[in-house]
Number of protein chains: 2
Amino acid sequence: MDAIIISIGTELTLGQTVDTNSAWLSQRLAELGIPVQMHVTVPDELEPIRRQIDQASASADVVLITGGIGPTEDDVTRHALAAAMGVGLQLHPVCLDNIKAFFAALQRDMPEANVVQAMLPMGTLPLENTCGTAPGMQAKHKHATIFVMPGVPREMQVMYERSVLRVLAKQAGQGVILARTLYCFGAGESVIGEQIRDLMQRGRNPTVGTTAQQTIIGVRIHSRAATPAQALSQLEETALEVRKRLGELIFGEEGETLAHAVARLLTQQKITISVAESCTGGLLAKMLTDVPGSSTYFKAGLVTYANEAKINLLGVPKELIENYGAVSPQVAESMVTQCRDRNNTDLSISITGIAGPDGGSAQKPVGLIYLGIADRNGCEVIERRMGEYLTRDEIRDRACKFALNQLRLKVSA
Amino acid sequence: MDAIIISIGTELTLGQTVDTNSAWLSQRLAELGIPVQMHVTVPDELEPIRRQIDQASASADVVLITGGIGPTEDDVTRHALAAAMGVGLQLHPVCLDNIKAFFAALQRDMPEANVVQAMLPMGTLPLENTCGTAPGMQAKHKHATIFVMPGVPREMQVMYERSVLRVLAKQAGQGVILARTLYCFGAGESVIGEQIRDLMQRGRNPTVGTTAQQTIIGVRIHSRAATPAQALSQLEETALEVRKRLGELIFGEEGETLAHAVARLLTQQKITISVAESCTGGLLAKMLTDVPGSSTYFKAGLVTYANEAKINLLGVPKELIENYGAVSPQVAESMVTQCRDRNNTDLSISITGIAGPDGGSAQKPVGLIYLGIADRNGCEVIERRMGEYLTRDEIRDRACKFALNQLRLKVSA
């Protein structure tokens, strides 16, 4: 049993929107042990959609389709499905009532355009949409079961969990694939790859592979077996070996971010923290508060972007900025100790640097940052130079990840 | 002339990584007037990659491939390309020297695993990689020109700009497609669709379509013509009509975010701003400082996450928090006026609310926020209830976008 995922939308093939639905659905299918043959993305055009539905239905057992079922003229997925199946469209009165009820709950009249969303190819089953207007569809074509879902990620996800999952879970069932990803920070993909090279040999079970995404290296492990217990025991064994080889480069598993790893350590050890940011402009505070329950450890952040803010809000001495510049180890140190003292937290972090694209010089190039870390006993400042070829977003992101990782190493020591 | 984009990686078909390369490349191709037939994503497996390369080369003029050329065992794109072309692999000494030089510049030895990256299918041209180790490849198969690039987005993008773009620009050249997207905030996709329904009729040129992404509705316009001047004049005409219909719902064009729109207005009018955030934890400050040059308007942010921080850093009266709660219009008002006064800025914004998933009650559910906006003359507080079905990330994101939009409307008035 395997699957093909088709994403529909001219905004996708034009590159105006990044398709996140295929990745999300692939994760869900992996959890059910259903391998994904491929993802296909086609524009909102009847014939290409029809052809892909037809081809996919001949080659896979499950075809998951997202997008193109909105109320506007450019949405033609329902027509393409009907054409592939060789049937016409039919109004479903129950669907129409649901759409009207959706608008009524918002105290608005249903726009006329939404009527088309109650039209389904004959022989298809509607799937309820609890957070939008477009009902989904379940159909049978060739030997495949087809599911059509909205393109809006949240609507699609809820529909999948409520209506699609149980049908697929029933159809799957032979063999199990368990997956786990261990996340690393602090070394490149090839350095990590060398340390686990033998585990990455093709044909091995569990399989081991690496991925790099914005300086986070993921080591993913896939274990196939007849039973969940067997798959799990194989998975655990390989994960243990990977952990042994990579040591403290590994900060977490699965969906865990560096912020999650830090949050776990701070919460366990009842450590409180505050931050003072300049060039990262609130991003470090944002990352630290991404985690639910962050109020147990995160107390306050000061985004002292302007020099006056460093002086007035944090009490950085004016002379320090005049003598050494706002991007200097001296200012990073003053920021972090003042931040700790004003907020009375166990730890504090400061970042000052040059995020670019302008403002760099030969001595202080774009990508230079000073990171201050203070605890109740003292503080240290680390200088870090990131490549000047990085974008502003990348520099800010990496500076914050570097800070989170230093924090993680400090509190796990 | 048209193109197919193939993304390679088991991490993609497993859903562990979202493919952003296809969208980025599609944008570049649209700029050249090269329509994209489809995106295809396949796992790191020789036969599926070979088959897709073969099929795509028969159906499109240009095949852009990303991923699977790393140094590790799981990367087989070079082998699959060789198999599709029916040739063997060959060591390119120049490529090997470049890879060694890349490591030398980092003062490190080249890991043995990287040698394979200098092996290319016979008859292919290497493309220099200036920010990574893997050289790209240019090949001819069937009637298509094939380009293979790294999967790491930044490496791929630089290689495209340096080596691929000029080859494609030469090959393209007949006919022009110009694209523009107008971005809206403050109404749903179907409401917006109704107002421009006639412009969205199929077959019209320019075509008009809508997309929804995280509460931002994009209205995209595509104009085809024989000459750039003609395409541009058609585009301008339709854009003007869309702007007339949608009025102040439109905040910007192209890659512009709400923060960009706000930045432009604040910079033009020389208005300074500071923010005080609770539940959004620094995200609003982060968005306002995403824009290069933001130091001209953004002075400071206070992330007063804990109640003590609201009292000590901002001077919110303790009794106000005790009597009304931290999530209340009274506290939002005190936060915003104190923030403005302490930072001496023209404007100030405060956000306090319940981002969830916990901490909600019947009176103050998850998704409730109070937004304070102050200028030198006074302040107002707006209550906003977002759906409880939203995630923490969505609530924080929408609260900040709502704040930016209110700011935009205030300063554009």
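So you know, we letter chains A, B, ... as the sequences are listed, proteins then strands, and number each from 1.
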Greatest number of heavy atom pairs closer than 4.5 Å to chain B - which of [options]:
| options | result |
| --- | --- |
| A:Glu308, A:Glu189, A:Glu112 | A:Glu112 |
| A:Leu14, A:Thr72, A:Val42, A:Thr20 | A:Leu14 |
| A:Asn343, A:Thr13, A:Val36 | A:Thr13 |
| A:Gly301, A:Ala306, A:Pro153 | A:Gly301 |

At a heavy-atom separation under 4.5 Å, does [X] approach chain B through its side chain, its backbone, both, or neither?
| X | answer |
| --- | --- |
| A:Val275 | neither |
| A:Ser295 | both |
| A:Val76 | side chain |
| A:Gln16 | both |
| A:Gln52 | side chain |
| A:Glu11 | both |

Is [Y] close to [X] at the side-chain level, that is, under 4.5 Å between some pair of heavy atoms?
| X | Y | value |
| --- | --- | --- |
| B:Leu283 | A:Lys286 | yes |
| B:Lys299 | A:Thr304 | no |
| A:Glu73 | B:Thr210 | no |
| A:Met200 | B:Asp74 | yes |
| B:Leu302 | A:Leu313 | yes |
| A:Asn114 | B:Ser190 | yes |
| A:Val303 | B:Phe298 | yes |
| B:Val40 | A:Met38 | yes |

Counting only non-hydrogen atoms closer than 4.5 Å, does [X] touch chain A with its backbone (N, CA, C, O), its side chain (CB onward), both, or neither?
| X | value |
| --- | --- |
| B:Ser294 | both |
| B:Asp44 | both |
| B:Glu394 | side chain |
| B:Gln37 | backbone |
| B:Pro71 | side chain |
| B:Val158 | neither |
| B:Ala30 | side chain |

Pick whichever of [options] has the most heavy-atom pairs under 4.5 Å with chain A.
| options | result |
| --- | --- |
| B:Ala300, B:Gly193, B:Gly359 | B:Ala300 |
| B:Cys279, B:Ala309, B:Pro292 | B:Pro292 |
| B:Gln214, B:His39, B:Gln27 | B:His39 |

Where A:Gly282 and B:Ala285 come nearest, the two heavy atoms and their spacing: CA-CB, 4.4 Å
For residues B:Leu12 and A:Ser26, report the shortest heavy-atom separation together with the two atoms involved. O-OG, 4.1 Å
Quick one about A:Arg396 and B:Thr289 (side-chain donor to acceptor, distance below 3.5 Å, no hydrogens or angles considered), yes or no?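 On atom types as modelled, these side chains qualify, holding a pair under 3.5 Å.
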Begin with the C-alpha distance, continue with both residues' side-chain angles, and end with the deciding distance and a verdict on side chain to side chain contact (heavy atoms under 4.5 Å, CB included) for B:Asp19 and A:Asp19. CA-CA 7 Å; B:Asp19 168 35; A:Asp19 169 32; over 6 Å; no
So does A:Asp290 pair up with B:Arg392, basic N to acidic O under 4.0 Å? no
